[in-house]
Amino acid sequence: MKKTIISIMTVCLIVCGAMCAWAMADKVVVVSYAGDVKIMPAGQNAAVACSPGMFLSADYGIVTGKESYVEIAFDRAKNNTIRVGEKSDVVIKLSSSDKIELVEGELIALLRNLKKGEAFRVRTPNAVCGARGTDFGMDVHDDTTSVQVFESTVFVRGVKQDGSVMEDEKWVEQGYKLAVKRFEKPGTKVKMTADEMNKLKEKARSSNNGRPGNKFDKMGRLGEARSNLTENRMDSVQEKRDNKRIDDIKDNRPSSNVETPRLEVGE
């Protein structure tokens with residue numbers, strides 16, 4: 001009888017473990033946030049407030065305000081995280097290749113425990129950046145994507161007018177950065193200054209995933225009590241997404257963003 005009970009418990013544990021692993025395959029979880037962060041659920045016409053522990057599925061959008069951030073984890077152990085910086089707009093992808101799209105703004109990727117053979121790719125309107133376990137930063141402003149690596153190496157490819165990824169790629173090593181302009185191949189690698197490296201590492205250390213906090217941690221409590229992400233800011237994000245879809249249609253290529261209804265934000 002004891003052997004039977006132990007066998008049943010063992011099977012239950014294995015099944016539960018498999019279910020937990022599967023559950024995180026199609027969603028991410030909010031680890032922490034501070035300031036003004038809005039979540040845009042797929043298929044809904046209104047943004048909702050962000051909260052720690054919130055699960056986000058594919059096609060969910062995240063918009064951050066000034067002096068704000070949100071950290072999301074792609075695994076239960078929180079070994080693989082993305083920290084989205086201030087004034088940023090991202091879309092959760094979770095496809096077999098692209099995990100997240102940085103439409104505008106900046107992010108820091110902290111990848112520590114990817115599965116064997118698995119690649120983690122971040123897409124922007126004009127570039128794709130991928131790694132198999134490293135730390136790097138990305139930012140998108142206007143039609144230029146910048147990639148900065150402060151540990152290990154990542155590969156970078158440009159994006160064609162039809163939305164497909166270019167075959168030519170460049171590897172960026174620790175301590176270097178490069179820029180990619182819209183519809184162009186990655187530019188020349190440039191060595192980062194000591195000040196640039198220190199600022200990038202400081203942003204990574206500010207993550208709450210086992211690293212010391214900074215001023216944002218103090219702001220986190222205030223972020224739950226107020227939301228200053230104005231309607232004008234949300235309208236600006238929506239306008240840029242609309243313009244991108246119009247450009248996609250003009251270029252006769254599929255849009256990389258899902259159809260997002262106009263937001264109605266009310267505090």
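Each residue takes its place number in the sequence, starting with 1.
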### Query
Taking only residues two or more places apart in sequence, or in another chain, which ones meet D168 in a salt bridge (Lys or Arg N to Asp or Glu O under 4.0 Å)?
K185
### Query
Under the salt bridge (Lys or Arg N to Asp or Glu O under 4.0 Å) test, which residues partner K170, sequence neighbours left out?
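Here no residue qualifies.
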### Query
If only atom types and distance count, is the side chain of S51 paired as donor or acceptor with the main-chain N or O of M54 below 3.5 Å?
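Side chain of S51 to backbone of M54, a donor-acceptor pair under 3.5 Å: no, none is there.
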### Task
Output yes when a side-chain donor or acceptor of T145 lies under 3.5 Å from a complementary backbone atom of V140, and no otherwise.
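Such a contact is absent between T145 side chain and V140 backbone.
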Do [X] and [Y] come close enough that some side-chain heavy atom pair is under 4.5 Å?
X	Y	result
V63	V37	no
N198	T193	no
T188	L178	no
S68	Y33	no

Once rounded to the nearest 0.5 Å, what's the spacing between atom [atom1] of [X] and atom [atom2] of [Y]?
X	Y	atom1	atom2	result
F74	N79	CZ	CG	13.5 Å
I100	F120	CD1	CZ	6.5 Å
K201	I108	NZ	CD1	12.0 Å
F136	C129	CZ	SG	4.0 Å
D36	Y69	CG	OH	13.5 Å
L107	L102	CG	CG	4.5 Å

On a heavy-atom basis, which atom in [X] and which in [Y] lie closest, and how many Å separate them?
X	Y	value
P186	G158	CD-N, 3.9 Å
P41	A46	CD-O, 3.8 Å
F150	G137	CE2-N, 4.3 Å
I72	I92	CD1-CD1, 3.7 Å
V31	A73	CG2-CB, 3.6 Å
A58	A42	O-CB, 4.1 Å

Do [X] and [Y] belong together in a cluster built from hydrophobic side chains that touch within less than 4.5 Å?
X	Y	result
V128	V147	no
Y60	L94	yes
L200	V190	no

### Query
Among V122, V154, V149, which one satisfies side-chain contact (heavy atoms from CB on, under 4.5 Å) with M138?
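Running side-chain contact (heavy atoms from CB on, under 4.5 Å) over V122, V154, V149 with M138 returns exactly one hit, V122.
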### Task
Have a look at V159 and tell me which of R182, R123, M166 forms a side-chain contact (heavy atoms from CB on, under 4.5 Å) with it.
R123
### Task
List the steps, then state whether side-chain hydrogen bond (donor to acceptor under 3.5 Å, both in side chains) holds for E86 with S88.
CA-CA 5 Å; E86 66 174 352; S88 299; over 6 Å; no
Between [Y] and [X], is there a side-chain donor-acceptor contact under 3.5 Å, judged purely by atom types and distance?
X	Y	result
E169	W171	yes
T144	D142	no
D162	S164	yes
E184	N126	no

#### Entry: Salt bridge E151-R112, side-chain N to carboxylate O under 4.0 Å
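Yes, charged N to carboxylate O under 4.0 Å.
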### Passing candidate, salt bridge (Lys or Arg N to Asp or Glu O under 4.0 Å) with E106, options K87, R83, K199, K203
K203
### Message
Pair E173, K189 - check salt bridge (charged side-chain N to carboxylate O under 4.0 Å, His left out), show working.
### Response
CA-CA 9 Å; E173 299 82 13; K189 292 184 294 185; 2.8 Å; yes
#### Entry: Worked check of side-chain hydrogen bond (donor to acceptor under 3.5 Å, both in side chains) between Q174 and D135
CA-CA 9 Å; Q174 176 177 322; D135 297 343; over 6 Å; no
#### Entry: Working for side chain to side chain contact (heavy atoms under 4.5 Å, CB included), residues T64 and V70
CA-CA 8 Å; T64 60; V70 62; 4.2 Å; yes
### Query
For Y176, is the NZ or CZ atom of K191 found under 6.0 angstrom from the centre of its six-membered ring and inside 45 degrees of the ring axis?
yes
### Task
Start with the C-alpha distance between M192 and Q148, add both sets of side-chain angles, then the distance that settles side chain to side chain contact (heavy atoms under 4.5 Å, CB included), and finish with yes or no.
CA-CA 8 Å; M192 287 191 287; Q148 312 96 29; 3.6 Å; yes
